[in-house]
Participant: 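To start, I am sharing the structure in question, which I have written as structure tokens.
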Amino acid sequence: QISIQQLFTNPTIAQLARLPATRIIDEDHELVTGTFPILPNNYWFFRRLDPNYWNASMIAEVTGRYTADVMQKGIALLLEHHDALRSRWLMQDGRWHQHIPHPDDVAPWWRVVDFTHTPDDRVPHEIESLCSAAQMSLDITRVLFRAIYFDLGENRNPRIVLIVHHLLIDAFSQSILMQDLDYACAL
């Protein structure tokens, strides 16, 4: 992250590149929970025949020391920090409302799949099938976020798949989320 002061005191890309890498953490971030009216741009989703199936998915090869336990803890930190990832939508008094539960009250979102004994040629098909099922399992009234860790054995790097409803994420936010996940797993 670059502060405004750093930007003005280092006005060229070459000068900015020499700055030490830092990460700014919002230490004043308070956990957000509760029920809120939906935003005007969300109404479009609720007029769809099936608002549950409108998702973004990200798959990444896991390298280094990021075991399933490390990834699960990192994603749990994401759910705590990015309040919207815990969102669900509820119908109350004939109107949709966004509800953000406490992290302890979020529907199950984590799964580890063991492919250590699955032949290489079967793995892509199995991953695709499980990801498709996970996407179909999203329900705007219960869970809008899923994470699947695929353990591929000693000779193959694992994969992590994040499936997030578009009510919670867009293309720009995906890159931020993946950067934050990398940072959270390194803690």
Side-chain angles (χ1 to χ4, degrees), residues 1-4 23-62 71-113 127-150 159-187:
Q1 300 283 342
I2 300 170
S3 71
I4 297 295
R23 176 78 179 172
I24 298 171
I25 297 177
D26 182 4
E27 294 179 10
D28 295 331
H29 176 77
E30 293 183 25
L31 191 66
V32 174
T33 61
T35 302
F36 309 93
I38 66 172
L39 299 172
N41 61 332
N42 294 148
Y43 283 102
W44 181 83
F45 283 104
F46 298 106
R47 289 195 306 262
R48 295 179 46 84
L49 294 176
D50 187 0
N52 295 307
Y53 195 71
W54 191 259
N55 313 319
S57 60
M58 299 150 274
I59 186 168
E61 183 175 349
V62 179
M71 294 297 293
Q72 183 180 16
K73 289 175 185 168
I75 295 170
L77 286 172
L78 286 183
L79 287 170
E80 189 174 315
H81 183 72
H82 293 282
D83 306 303
L85 290 177
R86 301 189 313 270
S87 294
R88 56 185 164 213
W89 274 257
L90 306 171
M91 181 68 77
Q92 294 176 342
D93 302 322
R95 302 186 87 162
W96 285 104
H97 290 74
Q98 180 181 9
H99 179 72
I100 302 175
H102 188 275
D104 295 339
D105 299 329
V106 174
W109 51 267
W110 176 253
R111 182 175 179 191
V112 176
V113 179
I127 288 176
E128 183 179 337
S129 177
L130 289 168
C131 289
S132 181
Q135 286 193 11
M136 294 298 291
S137 75
L138 294 188
D139 177 343
I140 63 171
T141 64
R142 288 186 334 99
V143 62
L144 292 162
F145 175 82
R146 297 256 189 234
I148 308 171
Y149 183 92
F150 295 105
R159 304 292 188 273
I160 186 74
V161 173
L162 303 180
I163 300 168
V164 187
H165 196 283
H166 265 299
L167 284 167
L168 311 182
I169 200 165
D170 57 22
F172 178 77
S173 304
Q174 284 180 338
S175 63
I176 294 170
L177 187 67
M178 294 306 280
Q179 289 172 5
D180 286 353
L181 175 59
D182 186 48
Y183 179 73
C185 288
L187 292 177

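Numbering of residues begins at 1 and proceeds along the displayed sequence.
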Participant: How long is the straight-line distance from CG of Leu162 back to CD of Gln174, given to the nearest 0.5 Å?
Facilitator: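 If I round to the nearest 0.5 Å, the distance is 9.5 Å.
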
Participant: Can you measure from CG (Leu168) to CG (Asn55) and round to the nearest 0.5 angstrom?
Facilitator: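 Result: 9.5 Å between the selected atoms.
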
Participant: Roughly how far apart are Ser87 OG and Leu144 CG, rounded to 0.5 Å?
Facilitator: 7.5 Å

Participant: In Å and rounded to the nearest 0.5 Å, what is the CG to OG1 distance from Asp105 to Thr33?
Facilitator: 9.0 Å

Participant: Please report the closest heavy-atom contact between Arg142 and Ser137, naming both atoms and the distance.
Facilitator: NH2-O, 4.4 Å

Participant: I need the minimum non-hydrogen distance between Arg88 and Pro101, along with the two atoms involved.
Facilitator: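 Answer, listing the atom of Arg88 first, then Pro101: NH2-CB, 3.5 Å.
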
Participant: So which atom in Gln72 and which in Trp109 form the shortest heavy-atom distance, rounded to 0.1 Å?
Facilitator: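 In terms of heavy atoms, the two residues are closest at O-CH2, 3.6 Å.
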
Participant: Would you compute the distance between atom NE2 of His82 and atom CG of Leu181 and round it to the nearest 0.5 angstrom?
Facilitator: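 The NE2 atom of His82 sits 9.5 Å away from the CG atom of Leu181.
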
Participant: Nearest 0.5 Å, please: how far is CE in Met178 from CD1 in Ile160?
Facilitator: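 The CD1 atom of Ile160 sits 8.0 Å away from the CE atom of Met178.
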
Participant: What is the minimum heavy-atom distance between Met58 and Leu177, and which atoms define it?
Facilitator: CE-CD2, 4.2 Å

Participant: Taking the side chain as everything from C-beta on, heavy atoms only, tell me whether Trp110 gets closer than 4.5 Å to Ile75.
Facilitator: yes

Participant: Where is the tightest heavy-atom contact between Val164 and Leu138, given as atom of each residue plus distance?
Facilitator: C-CD1, 4.4 Å

Participant: If every non-hydrogen atom of Leu85 is compared with every non-hydrogen atom of Phe145, which pair is closest and at what distance?
Facilitator: O-CB, 3.8 Å

Participant: With a 3.5 Å distance limit and no angle check, can you tell me whether Ser175 reaches the backbone of Phe172 through a side-chain donor-acceptor pair?
Facilitator: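 The answer is yes, because a donor-acceptor pair under 3.5 Å joins these two groups.
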
Participant: Between Arg86 (side chain only) and Val32 (backbone N and O only), is there a donor and an acceptor less than 3.5 Å apart?
Facilitator: yes

Participant: Do Asn42 and Trp96 pass the side chain to side chain contact (heavy atoms under 4.5 Å, CB included) test, and can you show the C-alpha distance, the side-chain angles, and the key distance before you say yes or no?
Facilitator: CA-CA 10 Å; Asn42 294 148; Trp96 285 104; over 6 Å; no

Participant: Would you say that more than 12 heavy atoms from the other residues, nucleotides or ligands in this model lie under 6.0 Å from the CD of Glu128, or not?
Facilitator: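 No.
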
Participant: Can any side-chain N or O of His99 pair as donor or acceptor with the backbone N or O of Gly34 at less than 3.5 Å?
Facilitator: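 Yes.
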
Participant: For Arg95, does its backbone N or O pair with a side-chain atom of Asp93 as donor and acceptor, under 3.5 Å?
Facilitator: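 No, Asp93 side chain to Arg95 backbone: no donor-acceptor pair under 3.5 Å.
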
